[in-house]
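The analysis underlying the following values was restricted to heavy atoms, covering all of them including side chains, and did not include hydrogens, waters or symmetry mates. What you see is a predicted model, and the numbers here were worked out from it, not measured in a lab. In listed order, ligands and their atoms are each counted from 1. In what follows, residues are counted from 1 in the order of the sequence shown.
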Amino acid sequence: MSYLERDRLHCWHPMTQHQTEPDPPVIISGSGAALFDENGNEILDMISSWWTCVHGHSNPDLNQALKDQVDQLEHVMFAGFTHPPAINFSQKLAEVLPGDLNRVFYSDNGSTSVEIALKIAYQYWRNKGQSHRTKFIAFEKAYHGETVGAMSVGKGCGFFHDFDGLLFDVEAIPYVPTWNGDEDIYAKEKSALKKIKKVIEENKDKTAALIVEPLMQGAGGLRFSRPEFIKAVTDMAQENDILVIFDEVAVGFGRCGALFACEKIGVVPDLICLSKGLTSGYLPMAATVATEDVYNVFLSDDPDRAFLHSHTFTANPLACAVGLKSLEMLIENKMMDKVSHIEKRHREFLIELQKHHRIFMPRVMGSVLAFNIQDDDGAYKNNAGEALRNWFFENGLNIRPLGNAVYLMPPFCITDTQLSRAYDGIIKAMTEVLNPMNLAA
Ligand SMILES: Cc1ncc(COP(=O)(O)O)c(C=O)c1O
């Protein structure tokens, strides 16, 4: 039986309606920004395999770091034991993160890193004798992952209606997306900040933390925000003694033009969630990093005041070794210069695209380019996204629109020629797929 026949019999893919979706390509290998299927076809990974592989696929230096570590130690439990890869990686993360974000708690994926941040914030107040502070504040249309706590704070993204009964209440505040040529942005921010102030003041004594996707709401539709807006909101929260959690699962490790979004915004959150780019997509790993102040609240003679949370694979040595190498490469190989170059190319392409096609909310930040094929009214009343995705696949491009938002988020090692291939593909798709639907005239 072929790979696909066996896949159809036994594999249950994420976010997939198996009854109607076409068969996926069978990927055998990868190199840089390219993936190769079982027939030798090349597919450019223009979304870094769900935003992970900042250094591209099968990078020789990351491969070597993994090989070196596997000959030494593959895994040891992290409760009651420690090991050099975790110590080295934690030290490096603390060095590159702003302020005193020094205490690294590892887990396995973005959702667990969020779940951990929520639990730490919740217990922080209990340990301080303020167990009435149980609420969370989150942005409308936020997405923070798929576990129950993460779904609760991400309720606004609209993906989780089937699970409403499982989710806890969250105070939602307005988010203000922006794009090139958005002339009303200051007025919209001013009005939102007024509402946010009211929510914060009314809830400050009951609230454990505010959770934020800084600079870019990812799965909620690639919606960018101005750093100044996020800073105004987080300052307001911190001034009112509310903990601030930055969910940098998507934007961390250079995606938006700075190593971390908090650096660009000029805020030191109390907790930061990292995953995806943490190991450049090599191994499932996440980190929730806390400030000294947060960590200290868990120190006590009483064992119950410790953070009694664990995952079997916490601080896996293979993942730590690759994560450290990936972080060193981001810094030593001046990858932020590469991101600036991608940003410049994206901007030039958007100008060209806008000359010929009707697109909404064109926007670029760091390595991320996005635009909408309909106005952002929240409605997605056609199957243009799916039609585009299928066309892109058939034309050797992994580009997966999110609702009516088309976006690129390539690995930083992408070449100029590969970028041009993706841009040409978008132009062609606008003509061949959207024009017949009257969406790109
Ligand atoms: C901002 C953000 N938080 C959390 C998650 C969840 O991460 P994971 O899919 O690794 O559980 C994602 C995933 O896309 C994300 O974009």
Chemist: Starting from atom 10 (O) of ligand 1, find the nearest protein heavy-atom neighbour and note its residue, name and distance.
Modeler: G110 N, 2.8 Å
Chemist: Answer side chain, backbone, both or neither: which part of Y143 comes under 4.0 Å from ligand 1, heavy atoms only.
Modeler: both
Chemist: Non-hydrogen atoms of G218 versus ligand 1: any pair closer than 4.0 Å?
Modeler: no
Chemist: Just wondering, are more than 12 heavy atoms of other shown residues or ligands nearer than 6.0 Å to CG in D169?
Modeler: no
Chemist: Judged by non-hydrogen atoms, does Q217 sit under 4.0 Å from ligand 1?
Modeler: no
Chemist: Can a non-hydrogen atom of E146 be found less than 4.0 Å from any atom of ligand 1?
Modeler: no
Chemist: Report yes or no: does W51 have a heavy atom closer than 4.0 Å to ligand 1?
Modeler: yes
Chemist: Would you give me the side-chain donor-acceptor pairs under 3.5 Å for residues 286-295, sequence neighbours excluded?
Modeler:
residue, atom, partner, partner atom, Å
T288, OG1, S113, O, 2.9
T291, OG1, V294, N, 3.3
E292, OE1, R103, NE, 3.4
E292, OE1, R103, NH2, 3.1
E292, OE2, N102, ND2, 3.1
E292, OE2, R103, NE, 3.1
D293, OD2, Y124, OH, 3.0

Chemist: Considering only NZ, NE, NH1 and NH2 on the basic side and carboxylate oxygens on the acidic side, decide whether D184 and K188 come within less than 4.0 Å.
Modeler: no
Chemist: As a quick check of understanding, evaluate side-chain contact (heavy atoms from CB on, under 4.5 Å) for Y423 and H346, giving each step before the final call.
Modeler: CA-CA 9 Å; Y423 298 150; H346 280 346; 2.8 Å; yes
Chemist: Relative to each other, are the rings of Y106 and F78 parallel, tilted or perpendicular (30° and 60° limits)?
Modeler: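 The rings of Y106 and F78 stand perpendicular, inter-plane angle above 60°.
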Chemist: If hydrogens are left out, which of S111, P14, C157 has an atom nearest to atom 6 (C) of ligand 1, that is, the closest non-hydrogen atom?
Modeler: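 Minimum heavy-atom distance to atom 6 (C) of ligand 1 goes to S111.
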Chemist: How does E213 reach ligand 1, if at all, at less than 4.0 Å between non-hydrogen atoms: by side chain, backbone, both, or neither?
Modeler: side chain
